[in-house]
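Below is one structure, written out as structure tokens, with a few remarks after it.
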Amino acid sequence: MPLSQFAPATNRLLGALPPRDREQLLANCEETELIFPEVLYRPGELISHVYFPTGSYISLMTPINGGSGLEVKLIGNEGMLGSTLILGVNVAPFHAMVLGTGPALRMTAPSFLREFEQLPSLQLDLKRYLYVSMSQLAQTVACTRFHVVEARLASWLLMTQDRAHSDHFHVTHELMAHMLGVRRVGITKAANSLLKQKLISYRRGDVTILDRIGLEDASCGCYRADKETYDGLLG
């Protein structure tokens, strides 16, 4: 059902809008619960809705040889799914799968485009978000090519922790290997190293971040670069 004008905006993009514009946008949103491993978009499908995660997070994967492929971006309450609509592109470029169960705000594509045309503040907000997303995609390409698995895993765990809003979340070795595009044995070796350093604990898919500062030191630096890019334009 549509949200009232008093509904809280816990998505950071929506929270950055002026109050009147935010209320207008929220009036066209509905609350929904995103469930792991629900697929929201497949590449080439028409975009029927846009999503603003509030307590959930979504993995974007680029298809490789007909499969779901390699993860290129995580979207949590700092962003949105469906931003390519503002470029006049109404088909999904990526495979979008819910990675973290939780709430989100959802709008139909026509409603979103109507509000986008009417709200200059939303236009500015989302144009900056697209720029940040492009920069982060480029960072991901470089990270995948040049950085070792352990450092990449540390960065990915930090990004996931931010979007889970918790030191504790559930993810298997198999899923982490799929997200990072490496063999499972590589993830197991990297995770065991982080365990020995007492940076994380891991048991049957349950991950707990024990030492966030140490994990940042173990990361490849892409995590920090992503945050600085986002905070510099949208923070």
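Because the structure is a prediction, the values reported are computed rather than measured.
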First locate atom [atom1] of [X], then atom [atom2] of [Y], and finally report the distance between them rounded to the nearest 0.5 Å.
{"X": "I75", "Y": "L60", "atom1": "CD1", "atom2": "CG", "value": "4.0 Å"}
{"X": "L14", "Y": "L105", "atom1": "CG", "atom2": "CG", "value": "6.5 Å"}
{"X": "D231", "Y": "R224", "atom1": "CG", "atom2": "CZ", "value": "13.0 Å"}

(message) With side-chain contact (heavy atoms from CB on, under 4.5 Å) as the test, pick out the partner of Q139 among C222, C220, S155.
(response)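 Result: among C222, C220, S155, C222 is the only option passing the side-chain contact (heavy atoms from CB on, under 4.5 Å) with Q139.
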(request) Under the side chain to side chain contact (heavy atoms under 4.5 Å, CB included) rule, collect the residues that match up with V132, sequence neighbours excluded. (result)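 Expected list: Q136, T229, Y230, L233, L234.
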(request) Report the residues that fulfil side chain to side chain contact (heavy atoms under 4.5 Å, CB included) with P43, sequence neighbours left out, ordered by chain and then residue number. (result)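 Expected list: P63, H95.
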Keeping the roles fixed (side chain from [X], backbone from [Y]), state whether a donor-acceptor pair exists under 3.5 Å.
{"X": "S56", "Y": "P103", "answer": "yes"}
{"X": "E71", "Y": "H178", "answer": "no"}
{"X": "R152", "Y": "L180", "answer": "yes"}
{"X": "S193", "Y": "K189", "answer": "no"}
{"X": "T101", "Y": "F36", "answer": "yes"}
{"X": "Y202", "Y": "L194", "answer": "no"}
{"X": "N11", "Y": "P53", "answer": "yes"}
{"X": "N77", "Y": "F52", "answer": "no"}

(request) Identify whether the distance between the nearest side-chain nitrogen and carboxylate oxygen of D125 and R12 falls below 4.0 Å. (result)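 Looking at D125 and R12, the cut-off is not met.
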(request) Kindly give the heavy-atom pair with the smallest separation between S121 and D21, and that separation in Å. (result)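 Scanning both residues completely, I find the closest heavy atoms to be OG-OD2, 2.5 Å.
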(request) Check A191 against L153 and note the closest heavy-atom contact, atom names and distance. (result)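 For A191 and L153, the tightest heavy-atom pair comes out as N-CD2, 3.7 Å.
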(message) Quick check on the hydrophobic clustering: are M179 and V141 connected, directly or via other members, by side-chain heavy-atom contacts under 4.5 Å?
(response)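 Different clusters: M179 never reaches V141 through Ile, Leu, Val, Met, Phe, Trp or Tyr contacts under 4.5 Å.
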(request) Under the salt bridge (Lys or Arg N to Asp or Glu O under 4.0 Å) rule, collect the residues that match up with E150, sequence neighbours excluded. (result)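 Result, salt bridge (Lys or Arg N to Asp or Glu O under 4.0 Å) vs E150: none returned.
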(request) Can you establish whether the number of heavy atoms outside R212 located under 6.0 Å from its atom CZ is more than 12? (result)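 Buried by this count: over 12 neighbours within 6.0 Å.
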